[in-house]
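For reference, the structure discussed in these notes is given below.
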2 protein chains.
Amino acid sequence: MDQLLQSVTIRINEKIFIKDPESSDLGKRIIEESINMIGRMGFESFTFKKLGTQIGSNESSVYRYFENKHKLLLYLTSWYWGWLEYQLVFFTNNIADPKQKLEKAIRIVTKTTEEDSEFSHINEILLNKIVINEYSKSYLTKEVDTENKEGYFVIYKRLVNRMSSMIKEVNEAYEYPLSLASTVLEGSLHQHFLKDHFTSLTDCRENVDPTEYFTQLVFSALTSNIND
Amino acid sequence: MDQLLQSVTIRINEKIFIKDPESSDLGKRIIEESINMIGRMGFESFTFKKLGTQIGSNESSVYRYFENKHKLLLYLTSWYWGWLEYQLVFFTNNIADPKQKLEKAIRIVTKTTEEDSEFSHINEILLNKIVINEYSKSYLTKEVDTENKEGYFVIYKRLVNRMSSMIKEVNEAYEYPLSLASTVLEGSLHQHFLKDHFTSLTDCRENVDPTEYFTQLVFSALTSNIND
DNA sequence: ATATTATGATAGTATTACTATTATTTTTAT
DNA sequence: ATAAAAATAATAGTAATACTATCATAATAT
């Protein structure tokens with residue numbers, strides 16, 4: 001990623017925050033440091049009090065940006081999916097062949113984030129780890145339906161839909177484009193997690209990325225003739 | 001499921017509990033009522049104090065069975081996976097043809113639990129809902145590696161391995177049997193969740209079970225010639 | 001120079017997630 | 001049948017969490 005990205009901002013649903021963290025220095029420190037802290041200690045041990053101390057500020061000041069840490073997690077993960085969506089669109093835009101396009105798309109959404117684009121104060125490598133470890137917690141709640149209606153998951157949903165469209169462009173007769181798209185996105189996070197913690201449950205490892213597995217899986221499904 | 005099951009017990013790692021809940025009436029009420037309560041109010045709102053009140057007992061008594069609610073969740077989910085494993089083995093045991101066997105296996109692990117087997121005080125329908133909504137939380141923690149070493153996830157791991165073996169029996173050249181097995185198990189929970197809360201992200205719905213989707217997906221992957 | 005807004009400091013509350021102690025009831029062993 | 005042991009219940013207490021509320025101070029905008 002390069003210069004271009006420096007002028008791009010990821011637009012997050014305004015209901016997720018009280019005050020836009022991008023609008024001030026303190027806000028940016030909140031985002032920056034919360035990524036470090038959640039990455040280091042995990043979401044459950046992370047608190048606004050600890051964050052306040054860490055950024056040389058105050059618990060009460062953090063509360064002026066986010067209602068609670070759940071909303072902050074929604075903010076961080078939305079940002080991540082927005083960033084991925086941007087890459088997906090940018091790098092597949094010029095590809096005419098649907099197969100090549102889909103292949104590129106799968107590569108983008110399943111790869112390990114290995115470089116920090118430096119286009120913001122956000123550490124994408126760490127954020128990728130956070131998404132792997134914590135994303136499910138943002139929607140596996142009793143409030144999902146309300147929060148979904150409020151539009152807290154729009155970016156992720158848009159991403160799944162973009163993948164689904166690319167799948168359909170390869171084979172419009174395929175019956176499960178949405179399920180396949182959501183399986184690739186969610187499954188990729190899961191395979192990355194297994195690679196790090198349950199090596200006996202995955203074939204992915206150092207140098208065998210989930211990318212290859214999912215690419216083969218998707219193209220098999222789309223070019224299969226088992227239902228003929 | 002029938003009579004036979006009444007004599008089967010699912011063996012849970014003894015480190016997960018302090019006192020075996022199967023060993024007393026109070027223990028069984030703890031399990032039974034915790035399933036109702038977690039199902040109703042979600043894992044985060046559930047507390048041992050509320051559980052104590054509900055079963056006409058005491059917070060401190062619950063603590064004599066489980067160290068904390070995380071361990072209780074591990075117990076419940078282990079039980080569920082053990083129960084699924086039992087069905088998997090039981091109903092595939094007599095099938096000689098590897099394809100038919102795998103097909104049956106996929107059906108068992110991806111179907112919606114629709115009947116309470118009555119072979120225990122455990123409500124399997126509700127427990128299935130709990131697994132869909134809460135299972136990820138049991139391993140997406142900072143303590144996974146330690147708890148994995150303690151053997152808290154053995155049953156689940158055994159289940160993935162059984163699925164993986166069945167996959168290999170259909171196509172021993174297939175490169176990702178473990179990833180495919182873990183994708184089916186985890187992905188099935190995810191598709192069920194989407195069906196209930198994010199209908200725009202899945203093709204599964206009333207009468208279109210994840211079963212069909214995953215069956216097609218797995219057999220496409222195994223009979224694919226895209227790498228030839 | 002003053003009003004406005006942002007931030008910081010402090011205090012307070014209800015709830016959670018426990019631990020510890022003691023009392024009471026139930027079970028079991030003799 | 002009785003004593004000892006084990007299980008359960010009741011009560012109290014603690015540190016931490018997840019906030020809310022209030023007031024003071026600093027930065028900025030007009």
Side-chain angles (χ1 to χ4, degrees), chain A residues 14-34 37-38 40-76 121 134 137-138 140-143 146-147, chain B residues 14-34 37-38 40-76 121 134 137-138 140-143 146-147:
Chain A
E14 301 206 341
K15 289 181 206 146
I16 289 180
F17 48 77
I18 296 168
K19 182 183 159 134
D20 186 355
E22 286 297 323
S23 72
S24 74
D25 184 66
L26 180 63
K28 281 174 200 154
R29 266 152 59 218
I30 286 173
I31 299 306
E32 210 178 327
E33 220 22 76
S34 65
M37 292 180 79
I38 295 173
R40 200 182 332 119
M41 60 207 228
F43 187 64
E44 357 297 318
S45 303
F46 168 81
T47 71
F48 278 3
K49 188 162 196 180
K50 290 174 188 168
L51 175 61
T53 310
Q54 189 70 21
I55 59 178
S57 176
N58 203 277
E59 194 187 7
S60 59
S61 301
V62 180
Y63 273 105
R64 256 181 235 108
Y65 285 81
F66 293 99
E67 222 180 302
N68 49 51
K69 67 174 181 173
H70 173 245
K71 288 282 179 78
L72 173 57
L73 181 62
L74 285 172
Y75 182 91
L76 296 177
H121 49 102
E134 326 285 0
K137 298 172 193 168
S138 78
L140 294 176
T141 67
K142 274 289 156 184
E143 297 79 32
T146 332
E147 297 193 341
Chain B
E14 301 205 341
K15 288 180 207 146
I16 288 180
F17 49 76
I18 296 168
K19 183 184 158 134
D20 186 355
E22 286 296 323
S23 72
S24 74
D25 183 66
L26 179 64
K28 281 174 198 155
R29 267 153 57 219
I30 286 173
I31 299 307
E32 208 177 329
E33 219 24 72
S34 65
M37 291 180 79
I38 295 173
R40 200 181 334 118
M41 60 207 226
F43 188 64
E44 358 295 318
S45 304
F46 168 81
T47 72
F48 278 3
K49 187 162 197 182
K50 290 175 188 169
L51 175 61
T53 310
Q54 189 69 23
I55 59 177
S57 174
N58 204 278
E59 193 187 8
S60 60
S61 301
V62 179
Y63 273 105
R64 249 178 250 107
Y65 284 83
F66 293 98
E67 222 180 302
N68 51 48
K69 67 174 181 172
H70 174 245
K71 289 283 180 76
L72 173 57
L73 180 62
L74 286 171
Y75 182 91
L76 296 178
H121 50 101
E134 325 285 359
K137 298 172 193 168
S138 78
L140 293 177
T141 67
K142 276 287 157 184
E143 297 78 32
T146 333
E147 296 193 343

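Please read these numbers as outputs of a predicted model, since none were measured by experiment. So that the names make sense, note that chain A is the first sequence line, chain B the second, and so on, each numbered from 1.
Nucleotide C:dA17 holds its P atom 13 Å from the CG atom of B:Leu73, rounded to whole Å. Between the OH atom of B:Tyr65 and the P atom of C:dA17 there is a distance of 21 Å, rounded to whole Å. Separating the CD atom of B:Glu67 from the C1' atom of C:dT19 is a distance of 13 Å, rounded to the nearest angstrom.
A:Lys15 has its side chain out of reach of A:Glu67: every pair of non-hydrogen atoms, C-beta onward, lies at least 4.5 Å apart. Between A:Glu143 and A:His70 the shortest side-chain heavy-atom distance does not fall below 4.5 Å. Counting heavy atoms from C-beta on, the side chains of B:Lys69 and B:Leu51 never come closer than 4.5 Å. Counting heavy atoms from C-beta on, the side chains of B:Lys19 and B:Arg64 never come closer than 4.5 Å. You'll find the side chain of B:Lys50 reaches within 4.5 Å of the side chain of B:Ser45, heavy atoms only. Under the 4.5 Å side-chain criterion, counting only non-hydrogen atoms from C-beta, B:Pro21 is not in contact with B:Ile30. At least one side-chain heavy atom of A:Ser24 sits under 4.5 Å from a side-chain heavy atom of A:Tyr65.
Contacts of residues 56-63 of chain B with DNA chain D (heavy atom under 4.0 Å): B:Ser57, B:Asn58, B:Ser60, B:Ser61. Of the residues in residues 16-28 of chain B, those with a non-hydrogen atom less than 4.0 angstrom from any atom of DNA chain D are B:Lys19, B:Ser24, B:Leu26.
As judged by a 4.0 angstrom heavy-atom cut-off over every strand, B:Phe66 is placed among residues making no nucleic acid contact. Within 4.0 Å (heavy atoms only), B:Glu44 reaches no atom of the nucleic acid at all.
The residue among A:Arg64 and A:Lys50 whose nearest nucleotide of DNA chain D lies closer to the 5′ end is A:Lys50.
Aromatic ring orientation, B:Phe48 versus B:Phe46: perpendicular (interplanar angle above 60°, classes split at 30° and 60°).
In this structure, the side chain of A:Lys137 does not engage the main chain of A:Phe43 through any donor-acceptor pair within 3.5 Å.
Results of the side-chain contact (heavy atoms from CB on, under 4.5 Å) test with B:Glu33 over B:Val62, B:Ile55, B:Ile38 single out B:Ile55 as the only residue that passes.
Residue B:Lys69 places no side-chain N or O under 4.0 Å from the OP1 or OP2 atom of C:dT16.
Taking 4.0 Å as the cut-off between side-chain N and carboxylate O, A:Lys142 and B:Glu44 do not count as a salt-bridged pair.
Mapping heavy-atom proximity under 4.0 Å, the span of DNA chain D touched by chain B runs 5' to 3' from D:dA7 to D:dT11.
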